[in-house]
Amino acid sequence: MPDKVTCIICPNSCVIEATKEGEEISLNGESCNRGKKYAILEVTDPRRIFTSTVLIKGSDLKVIPVRTTRPIRKNEWINAKQLIDKLRLDAPVEFGKIIISDFLENGIDLIATREATKNDTGNIDLSRKF
Amino acid sequence: MKRTEILDNYDVTIIGGGPAGLSAAISSKVNGANNVLVIDRDLYLGGILQQCIHPGFGLKKFNLELTGPEYAHKFIKKVLDMDIDYIIDAFVTEITKNNEVFIICPEIGIKKITSKAIIFAMGCREKTRGSIRIPGFRPAGIFTAGTAQRLINIDGLGVGKRIVILGSGDIGLIMARRCTLEGAKVEAVIEIQQYPSGLNRNVQQCLTDFEIPLFLGHTITDIQGSKRINKVVFSKVDFNKRIISNTEKEIDCDTLLLSIGLIPENELTKKAGIEIDSSTGGPFVDNMLQTSRKGFFACGNVVQIFDLVDYVSNDGELAGKSAAIYSMRKVKNRYNSNKKVFIGKGRGIKSVIPQILKDYSFLDKNKQIAVRVSDRFEKPVFSLKNSSGKIICEIKKQYALPAEMIHLNINDYFDKILKEKTAFLEVKE
Amino acid sequence: MDQNKDYDVLIIGAGVTGCSIARELCFFDIKTAVIEKSSYVCSGQSKANGAIIHGGHNSKPGTLKARLNVKGNSLFSPLCSKLGVKFRKTGLLVIATNVDESLSLNNLLAQGQANGVRDLSIINREELVKIEPNIGGDAKSALLVPSAGIVDVHRFVIALAEFAAFNSVDFILENEVNGLIIENTKILGVKTARGDYFSKVVINCAGIDSDKIMNMAGLKDIKILPRKGEYYILDKSNSNMVKRPCFQMPNKNSKGVLVFPTINGNIIFGGNSKLIDNKNDTSTTEEGFKEVINKSSILVPKIKNADIIAQFSGVRSSTENEDFFIAKADTAAGLINVAGIDSPGLSSAPAIAQMVMDIIDNNFIKLNKKQNAVKNYKLKPLFRELQINEKNKLIKSNRMYGRIICRCEEITEGDVMDALQSPIPAKTIDAIKFRTLAGTGRCQGAFDLERILKLVSKYGFLDILKICKNEEGSNIITNYAKS
């Protein structure tokens, strides 16, 4: 059963048919080497950069945006989501801080993509509970 | 710069602290302006980028795949390092004939400042339901995609559990993925055109990856639910966007996100008496991004809707340079000559920026015009013709899509173009 | 929960009629409550109409509509000043687009004069184009009604209600009357979902449900025929399109489609009249749009290309007998029915209220002027209406007036706070929209929704998940992230 992969390397957006035959992958429809590489990767080890938000306390920000430093396996997104949903951070959090190292995989970290300063006024938001 | 200490007079004042405004501020300072002020209505700088937590920014400018907040961080850091004044939680309510800018904010009240040059960088707003007149009830649960994005990514709130998205532009596609990742079920994305409005990579990574159905060539014909939306009815449309009868389908839902287009936000620009180009919704600008009013400049989405923030930053840089030179009067003769060319839109062209070319003495080496086409073209040929129809120059490209801004390099033809009073651009395959 | 459920007068319905009567009752020693099924006042017909104060040319002489419209019209301007509500005497035009209609204008003129409407005149095309340059080429002549005007109808009803609430009238919202308590042909009170309320007098101002209330007393005089009218709001860049309401020639079922300015600077076209089955059907339709745009663009051709920012529809409580039904009920002494109040119900409201006062005074309760002076109440002007030095003074006293939360309409946090802290707190998105105009601009709430949710949550002491667009069940936010 061939997989249909829409290549995203260049705007031509070639639709490449990739068929896995054991260890071999046969392609049909690619126009260049980069596309070939992308299609092979998409069928053997598809990955995406994962981004989300994490709840944070003690800051004017309610949630802080995070990302994986490198793409994680595409089918791990549910695990990623579940892990991230459980996190509760405390301000302050610096820009780029590693929230979780080796997130789902060695060598890939989960980092903060925005700074969250400490809330000086000590305002407690009564409307939401942790 | 602390809010209560802003000066009464500035060399360059920038309205809007998003990507366009931040770039413009930095560029103004770099190009010699002494006192530069950025005004933003939010509680932070960075504008819309702060809620765009997904990657895809900075590919062209930095060769990096950054998220919105990371991209903003680069510029905010520079603004802080360069000690550029900024005021947040503030609105500009009026700009007078005498370049007085009225700012309102909680700490100061209403403050009037004067500025030698003013840059509009207010960005855009989203098209609402009323603009496409979707029939039906007017229940809770209908949001524009950007509003929903802010509620989720900035406020940590959920807008719904069963979501239908109207419009397959990039914001709609991004929100399809985002909502799924926040635990909602995105039932469908509905698009009136026969092809997706957004980038192919987003269709792949936001819809296909999550098995979210995309209905091309469809539109919503009824919204049901008197308190909270509970159903949308949608039908097929033909190439002319006319509804084909007996093709109704229904989807149960509790939320509808509208991603149906962006409009440059020019209330302030209009109030300042500046001429607006009805084809873009933004001001007429020349090749140094000056508007019809001397000393007033504009950049970013407020001029026309951009597809890549990298280009917005470039736009801001140009406007900042232009404003700084104007305000500091550092260049003795700003123009080489009085020559001025109006660029009109011919066949296949939706918009051209700038609409006016002038013979500035301090132009960049890479003179470009930014074009949006009204249709898809394979191997298009762009021709710039004079008023008699004679071709001034021709530029070939690989392809042209309505969703993507196309830059035509007119460096080599600039002097030739300047000889005309009017020219018009057209495209064909 | 309401402690004391004993009143002198109970009013069913917090629309313009009910609230007008409630305000009148404040001047007397009367314990009053208004019971309303919706979550806020002004939620039925009063919410969705043209906001036009008619001169009185449209009704048959001798009818209540004719008499009360003319009387109400004369009371409107001073009343609005007292309440702090914007009203402008713009006059209105009825446009004739062919010879037959031109002749009919004479009948309208005569009818208006018979009703006592002042200064009516028929103007020819030349004069018409001078005062309305954008009028269509088909317009031949027009009836000019100088005494007509436009009003901020939502703030008007809200001001009436808050005046009353400020003077100790109880407003029992989100509570539908589902029965009347009648004993020996005498009314004793009403039954609601939250229990029984007792009073000597019950005034039925229930709008499209007014026949339902009458049926509860065994009265079948009125059958409401719901008529839906759709309206389309244009972007403010069109605000000069017309300077006064311009009507199509009226017909049997309606005053005709119209193009009109609102007091806040928008242009609206619409006002068709379709008989519908379900009186709760406030949907807008493609057919309705086609009808109103075709008719309106004959009046003002520029409509065809104008930007629409919003649409709404209202259901009118029309009846077969085409007149107001205002009478005490014989089968239930103490019940006064104010039913079938469709157009010109808004224009007539002050006069309807006075008429009902007379009925109460003559039949049920001697109305004694209050011992203590009535507490004056006026709506605070919106921040944007103030002069710059007043604005600065206000911001100094309360910083919240310095934070704009609705960019399109320049509405501040202070304005929203006023709504939250008013005698009838506005806690839904729509209530705040109608009281402060936040969300009525071209972005239609895309910018201010988030700010308003936070303000209502923090200062209205409501969990953000509980904040509704209008009625219960119209919650905006469904959950907190990660929960």
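Naming: A, B, ... by sequence-line order, numbering from 1 per chain. Owing to the predicted nature of the structure, the values given are computational and were not obtained by experimental measurement.
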Item to complete: Would you please test B:V38 and B:I87 for side chain to side chain contact (heavy atoms under 4.5 Å, CB included) and show each step?
Response: CA-CA 6 Å; B:V38 177; B:I87 173 170; over 6 Å; no
Worksheet entry | Top of B:G109, B:G136, B:G183 for chain C proximity - count of heavy-atom pairs under 4.5 angstrom | B:G136
Worksheet entry | Greatest number of heavy atom pairs closer than 4.5 Å to chain C - which of B:A90, B:P139, B:A140 | B:A140
Worksheet item: Under a 4.5 Å heavy-atom cut-off, does chain B meet the side chain of C:A446, its backbone, both or neither?
Response: both
Worksheet entry | Part of C:L449 lying under 4.5 Å from any heavy atom of chain B | side chain
I'd like a table of all donor-acceptor pairs linking chain B to chain C (distance under 3.5 Å, no angle check), giving the atom names and the distance to one decimal.
| unit_1 | atom_1 | unit_2 | atom_2 | d |
| --- | --- | --- | --- | --- |
| B:D89 | OD1 | C:R403 | NE | 2.8 |
| B:D89 | OD2 | C:R403 | NE | 3.0 |
| B:D89 | OD2 | C:R403 | NH2 | 2.5 |
| B:E107 | OE1 | C:R399 | NH1 | 3.1 |
| B:I110 | N | C:N392 | OD1 | 2.8 |
| B:R133 | NH1 | C:E286 | OE1 | 3.3 |
| B:I134 | O | C:Q311 | NE2 | 2.8 |
| B:G136 | N | C:T284 | O | 2.8 |
| B:G136 | O | C:T284 | N | 3.0 |
| B:R138 | O | C:K469 | NZ | 3.3 |
| B:R138 | NH1 | C:T282 | O | 2.9 |
| B:R138 | NH2 | C:T282 | O | 3.0 |
| B:T147 | OG1 | C:A446 | O | 3.0 |
| B:R150 | NE | C:E450 | OE1 | 3.1 |
| B:R150 | NE | C:E450 | OE2 | 2.9 |
| B:D155 | OD1 | C:K454 | NZ | 3.0 |
| B:G156 | O | C:A481 | N | 2.9 |
| B:G158 | N | C:N479 | O | 2.6 |
| B:G158 | O | C:T478 | N | 3.0 |
| B:G158 | O | C:T478 | OG1 | 3.3 |
| B:G160 | N | C:T478 | OG1 | 3.1 |
| B:E182 | OE2 | C:K482 | NZ | 2.8 |
| B:R228 | NH1 | C:N475 | O | 2.7 |
| B:R228 | NH1 | C:I476 | O | 2.8 |
| B:E265 | OE1 | C:R407 | NH2 | 3.4 |
| B:E267 | OE1 | C:R442 | NH1 | 2.9 |
| B:E267 | OE2 | C:R442 | NH1 | 3.2 |
| B:K271 | NZ | C:E410 | OE2 | 3.3 |

Discussion item. Return the CD1 to CD1 distance between B:I104 and B:I110, rounded to the nearest 0.5 Å.
Written reply: 4.5 Å
Item to complete: Give, for atom CD1 of C:I429 and atom CD1 of C:I467, the distance between the pair rounded to the nearest 0.5 Å.
Response: 6.0 Å
Discussion item. Need one label for C:L453: side chain, backbone, both or neither, based on atoms under 4.5 Å from any heavy atom in chain B.
Written reply: side chain
Worksheet entry | Distance (rounded to the nearest 0.5 Å) between C:F260 CZ and C:I267 CD1 | 9.0 Å
Practice prompt. Counting only heavy atoms closer than 4.5 Å, note whether B:I229 contacts chain C via side chain, backbone, both or neither.
Written response: neither
Discussion item. For the CD1 atom of B:I88 and the CG atom of B:L43, what is their distance to the nearest 0.5 Å?
Written reply: 6.5 Å
Worksheet entry | 4.5 Å side-chain heavy-atom contact, B:I190 and B:I220 | yes
Worksheet entry | Verdict with reasoning, B:C179 to B:I163, per side chain to side chain contact (heavy atoms under 4.5 Å, CB included) | CA-CA 8 Å; B:C179 292; B:I163 302 179; 3.6 Å; yes
Worksheet entry | Portion of B:F91 that has a non-hydrogen atom of chain C nearer than 4.5 angstrom | side chain
Worksheet, complete the sentence: Tested for side-chain contact (heavy atoms from CB on, under 4.5 Å) against B:P264, the lone hit among B:T280, B:I276, B:I305 is B:I305
Worksheet entry | Euclidean distance, C:C42 SG relative to C:F434 CZ, rounded to 0.5 Å | 7.0 Å
